[in-house]
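Sequence lines set the chain letters: A, B, ... in the order given, protein chains first and strands last, and positions in each chain run from 1.
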Number of protein chains: 2
Amino acid sequence: MGAEDSRMPPGSAARSGTAGLRADALHNRNRILEVAGDLLAERGLDVPMAAIARHAGVGVATLYRRFPTRQALVREVFADRFAACASAVEDALAAPDPWTAFRTAVEQVCAVQAGDRGFNSAFVSAYFQEFGVGGELDRVMRGLTELTRRAKDAGRLRADFAAEDFTLLVMANSGISVQPSEAAQAASRRLVAYLLDAFRADRAGPADPLPPPAPLDLYDVLRPR
Amino acid sequence: MGAEDSRMPPGSAARSGTAGLRADALHNRNRILEVAGDLLAERGLDVPMAAIARHAGVGVATLYRRFPTRQALVREVFADRFAACASAVEDALAAPDPWTAFRTAVEQVCAVQAGDRGFNSAFVSAYFQEFGVGGELDRVMRGLTELTRRAKDAGRLRADFAAEDFTLLVMANSGISVQPSEAAQAASRRLVAYLLDAFRADRAGPADPLPPPAPLDLYDVLRPR
DNA sequence: GGATAAGTGGAGACCCCCATCCGTTTGCAG
DNA sequence: CTGCAAACGGATGGGGGTCTCCACTTATCC
């Protein structure tokens, strides 16, 4: 409960919990994160903790000491991917053409999602409610909302596009990405292309009217159990 | 192997294994199927066998005696839903307008899928490789292929629509349907509407060219593990 | 170089699920 | 009514996963 560590310069810990670790401990921690990243990508979110420990060449105790819960581990592993999504969106905000910006942002987020089974599950699971990535997720969502506004103002995005449609996109894409493979990634790209095409404003003929935007909120839809 | 049962009139067993059952056994069997249907829909494919037995008011032994494997149970439970998909497609084949036929077939199949978490998983999982529902599935696929041909010939379906795009649709829809709820079903309807819109041939302007159709085969993509 | 606390790995307690075995009950035919 | 095979359900063994405890090792500081 005392002071964190009065000698530690603020901001020196790139990530939580790395401060004051002994050299060997830090090495193991990194090795665990590395291995866990691979295993989660390949096998999904429910890969046994023991398997991660074994592949990392450490005992389970070491794993649990460093990451008390599975969530803590997963959060740490995917923090950078969440950040990657966020900055992809923010990069897009700098692009001149509103539609291109919208399109590339969507494409990039979906590509990240399709490439990693674990991240996909993490992204689309009740987990991320307690992930502490709310900040990143909000950055992504705020960015996408702004991109949406611009694309609509420019007349390139259909007017009845709703914020919930991002959720639609993410979850549909997650269905494609259950088993990440080259084929699945290609399929994801094709799905996204189809949907972006459907989102365009400049289509001929009266499309069949859309069903009402479902009040679809990831936080609601995926509530645990 | 001996004769099945020489006294049984052929075709009298609506489903496999119901012939010659004692009255109480038959009652329990039906109760199990009923309860299993509900539980699978709600909780998904991995609901514990014990839970099914308990809800049905029978012992696990009874459950296992009637359905030796989980697959046998699931197959029996969802046989009618698979059949429903098949006949929805075949009904559509009778419709006069090719596009309407295509559209309603897709909508109905996706609606069935979105309404039942267990069926959704069953539909989109390695399971159905050994389900013995290959017949039904082939009926569905053959029907959809024919509907595709007609819709293309009529100039209503875009020429670069590929057979693999059905898989795309099913898997995307499965992502929406992880947690069946009114909201999820509405979302599914909206997704399908978007995609059908994207599949239409009569769109203005050169859409961005589609990524190549991924060689996406459910049987391949969802291979166990 | 030695004291010390941080770090370690593996054994094992606990829990959940699957699937089978077996003593008891019960529908049904004669 | 009676006998028996069919049916029943709970106990049980086996497997796998999570997480903790503890005796041993090792980096680090003086």
Paired with B/Arg66, the side chain to side chain contact (heavy atoms under 4.5 Å, CB included) test is passed by just one of B/Val58, B/Leu73, B/Leu21, namely B/Leu21
For B/Arg31, what residues pass the salt bridge (charged side-chain N to carboxylate O under 4.0 Å, His left out) criterion, not counting sequence neighbours?
B/Glu34
[X] [atom1] to [N] [atom2], straight-line distance once rounded to whole Å:
X	N	atom1	atom2	answer
B/Arg54	C/dC16	CZ	C1'	12 Å
B/Arg70	C/dC17	CZ	C1'	9 Å
B/Arg31	D/dG9	CZ	P	12 Å
B/Leu63	D/dG10	CG	P	13 Å
B/His27	C/dT26	NE2	C1'	15 Å
B/His55	D/dG9	NE2	C1'	18 Å
B/Ile52	D/dG9	CD1	P	15 Å
B/Tyr64	C/dC17	OH	P	11 Å

Under 4.0 Å between a Lys/Arg side-chain N and an Asp/Glu carboxylate O for B/Arg117 and B/Glu42?
no
Protein-nucleic acid N or O pairs under 3.5 Å, nucleotides 6-11 of chain C:
{"residue": "C/dA6", "atom": "N3", "partner": "A/Arg22", "partner atom": "NH1", "Å": "2.7"}
{"residue": "C/dG7", "atom": "OP1", "partner": "A/Arg22", "partner atom": "N", "Å": "3.2"}
{"residue": "C/dT8", "atom": "OP1", "partner": "A/Asn28", "partner atom": "ND2", "Å": "2.4"}
{"residue": "C/dT8", "atom": "OP2", "partner": "A/Arg65", "partner atom": "NH1", "Å": "3.3"}
{"residue": "C/dT8", "atom": "OP2", "partner": "A/Arg66", "partner atom": "NH2", "Å": "3.2"}
{"residue": "C/dG9", "atom": "OP2", "partner": "A/Gly59", "partner atom": "N", "Å": "2.9"}
{"residue": "C/dG9", "atom": "OP2", "partner": "A/Thr62", "partner atom": "OG1", "Å": "2.6"}

On DNA chain D, check which nucleotide each of A/Ala23 and A/Thr69 is closest to and give me the residue with the more 5' one.
A/Thr69
Which pair of heavy atoms, one from A/Val35 and one from A/Ala56, lies closest together, and at what distance?
CG2-CA, 3.9 Å
With sequence neighbours left out, which residue pairs that include part of residues 105-115 of chain A fulfil the salt bridge (charged side-chain N to carboxylate O under 4.0 Å, His left out) condition?
A/Arg103-A/Glu107
Are the side chain of A/Thr69 and the backbone N or O of A/Ala72 linked by a donor-acceptor pair below 3.5 Å?
yes
